[in-house]
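Some notes on the structure that comes next.
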Number of protein chains: 2
Amino acid sequence: MPPTAPSRRRNEELLSAIHEATLAELAERGFSGVTFEGVARRARTSKPVLYRRYPSRAELVLAAVHAREPLPVLDAPTGELRADLLSLFSAHEARYHRLGAGVIRGLLAELPQERANETLAAGSILTHTTLRALVAQARADGKLGPREVPDAVLDTPIALLRHEFLMLGRVPSRAQVEEILDLIYLPLLRLHSGAAAPSGR
Amino acid sequence: MPPTAPSRRRNEELLSAIHEATLAELAERGFSGVTFEGVARRARTSKPVLYRRYPSRAELVLAAVHAREPLPVLDAPTGELRADLLSLFSAHEARYHRLGAGVIRGLLAELPQERANETLAAGSILTHTTLRALVAQARADGKLGPREVPDAVLDTPIALLRHEFLMLGRVPSRAQVEEILDLIYLPLLRLHSGAAAPSGR
DNA sequence: AGAATAAGATACGCGCCGTATCTTATCCGC
DNA sequence: GCGGATAAGATACGGCGCGTATCTTATTCT
């Protein structure tokens, strides 16, 4: 008979099975259908093993999502401001789409306020930093005016995209993303950086 | 002995007791702590009575909130664009504040998508229509340029305020509201309506 | 080797779900 | 007023997931 019959998983192997099971349950049953019991069954483990790691359903889901869905990074800035912004926003939008609005809403509702903020912030700080860098580059290149752009302005598109997706439940179309960019964001950047002629073109 | 001992409530009286109990539970235990059983107990009625009226917890809470939190109205447009927008935003913000982010997040997570959208749209005085009217007035008065402002631009502050409150969990301060207005919205309106000099005051 | 650690199995009481059944107070039309 | 329709209210049900406690046993570290 096989001597290694009752092989017992640990650490990464186990953790990975848990995350996988969680994501599968998430996909099949939606956020509210994710259950400690269900995940334990599916990952062929037991509830205590889960409870030893995660204090709540929300944390479990969050961990699984983070493990499999790293934050989007902007791979190669071309130096062309509009193109870079567009690809950044698209990456964001794709991430939202993969996750689904239901998951994020569920997390938002069930995570403690503090934790939800951290999490959102982690996502948006990265973006904030990226945006800041892109804009700084464009200013240095003379594509924008010389003045510093206020943070509130810098973060506008994050808020707009999130709102569209989370509140209204639609994944922004390419056209919408471009609209935000051309009608709102780029004009604001030009204006606040003090670029030459904000009018025609 | 009193002949009207087992007085049995109906219609408004009953409904009102249900709403009151729901709001009380909401306040004490938060959205996720609201329970059909708990509300029934507190309203001194029974679960079937509740289930005959509301199909889900979210609908129960929604009804209670709507019953006790009617829409604020924008009292008097002064014709002064900035002042009117400011008071509109403040009213909006005050409403969110009374409700609390947790409740809205819970509703968003548990209501079906369609219903959530209706509710968000209907529940807000800071509507597209209101903004459109104010801006149209300002344009007619020559306070802005003559051109029509695109919808995406018109709705910007709705998204920004909601994002701030719901995602980040903070009630926007007066200063933040003014920032949105002065750094983002008014400039955009001037720009898109084709107002004369968008630069230094 | 032995000790420490953590996986895994099982079982518990609890609270809430959503529904079915039944009684009985109240309302409405005649 | 009376009598039938209506809906409140009480109760009970099986089911499920929660969160925890207890115990055994495989694995790893020293």
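To find a chain, count down the sequence lines: A is the first, B the second, and so on, and within it residues start at 1.
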Closest to side chain of A:Ser46, choosing from C:dA9, D:dG9, C:dT5: C:dA9
d(CD, B:Glu12; P, C:dT26) in whole Å: 16 Å
Rounded distance in Å - CD (B:Glu110) to C1' (C:dC17): 13 Å
Interatomic distance where CG belongs to A:Leu14 and P belongs to C:dT5 [whole Å]: 18 Å
Rounded distance (nearest 0.5 Å) linking atom CG of A:Leu160 with atom CD of A:Glu179: 11.0 Å
Separation of D:dA10 C1' from B:Leu50 CG (nearest whole Å): 14 Å
Between C1' of C:dC16 and CG of B:Leu60, the distance in whole Å: 14 Å
Sugar-phosphate only, base, or nothing, as touched by B:Arg9 at under 4.0 Å among non-hydrogen atoms: sugar-phosphate
Check: C:dG8 base within 3.5 Å donor-acceptor of A:Arg52 side chain: yes
Step-by-step side-chain contact (heavy atoms from CB on, under 4.5 Å) determination, B:His92 to B:Leu88: CA-CA 6 Å; B:His92 197 247; B:Leu88 190 60; over 6 Å; no
Any B:Arg10 side-chain N or O less than 4.0 Å from OP1/OP2 of C:dA25: no
N/O donor-acceptor pair under 3.5 Å between A:Tyr185 side chain and A:Leu154 backbone: yes
When you compare the protein's N or O atoms with those of nucleotides 16-20 of chain D, which come within less than 3.5 Å of each other, and at what distance?
from	atom 1	to	atom 2	distance (Å)
D:dG17	O3'	A:Thr35	OG1	3.1
D:dC18	OP1	A:Phe36	N	3.4
D:dC18	OP2	A:Phe36	N	3.1
D:dC18	OP2	A:Glu37	N	3.2
D:dG19	OP2	A:Tyr51	OH	3.0
D:dG19	N7	A:Lys47	NZ	3.0
D:dG19	O6	A:Lys47	NZ	2.5

A:Arg29 side chain to A:Val34 backbone, donor-acceptor under 3.5 Å: no
Flag if over 12 foreign heavy atoms under 6.0 Å of NE2, B:His97: no
Any B:Thr45 side-chain nitrogen or oxygen under 4.0 Å from OP1 or OP2 of D:dA8: no
Quick one: side chains of residues 15-23 of chain B, donor-acceptor pairs under 3.5 Å with protein atoms, not counting sequence neighbours, listed by atom name and distance.
from	atom 1	to	atom 2	distance (Å)
B:Ser16	OG	B:Arg68	NH2	3.3
B:His19	NE2	B:Tyr54	OH	3.0
B:Thr22	OG1	B:Ile18	O	2.7

Spacing of A:Arg8 atom CZ relative to D:dT28 atom C1', expressed in whole Å: 12 Å
Test side-chain hydrogen bond (donor to acceptor under 3.5 Å, both in side chains) applied to B:Arg44 - qualifying residues, sequence neighbours left out: none
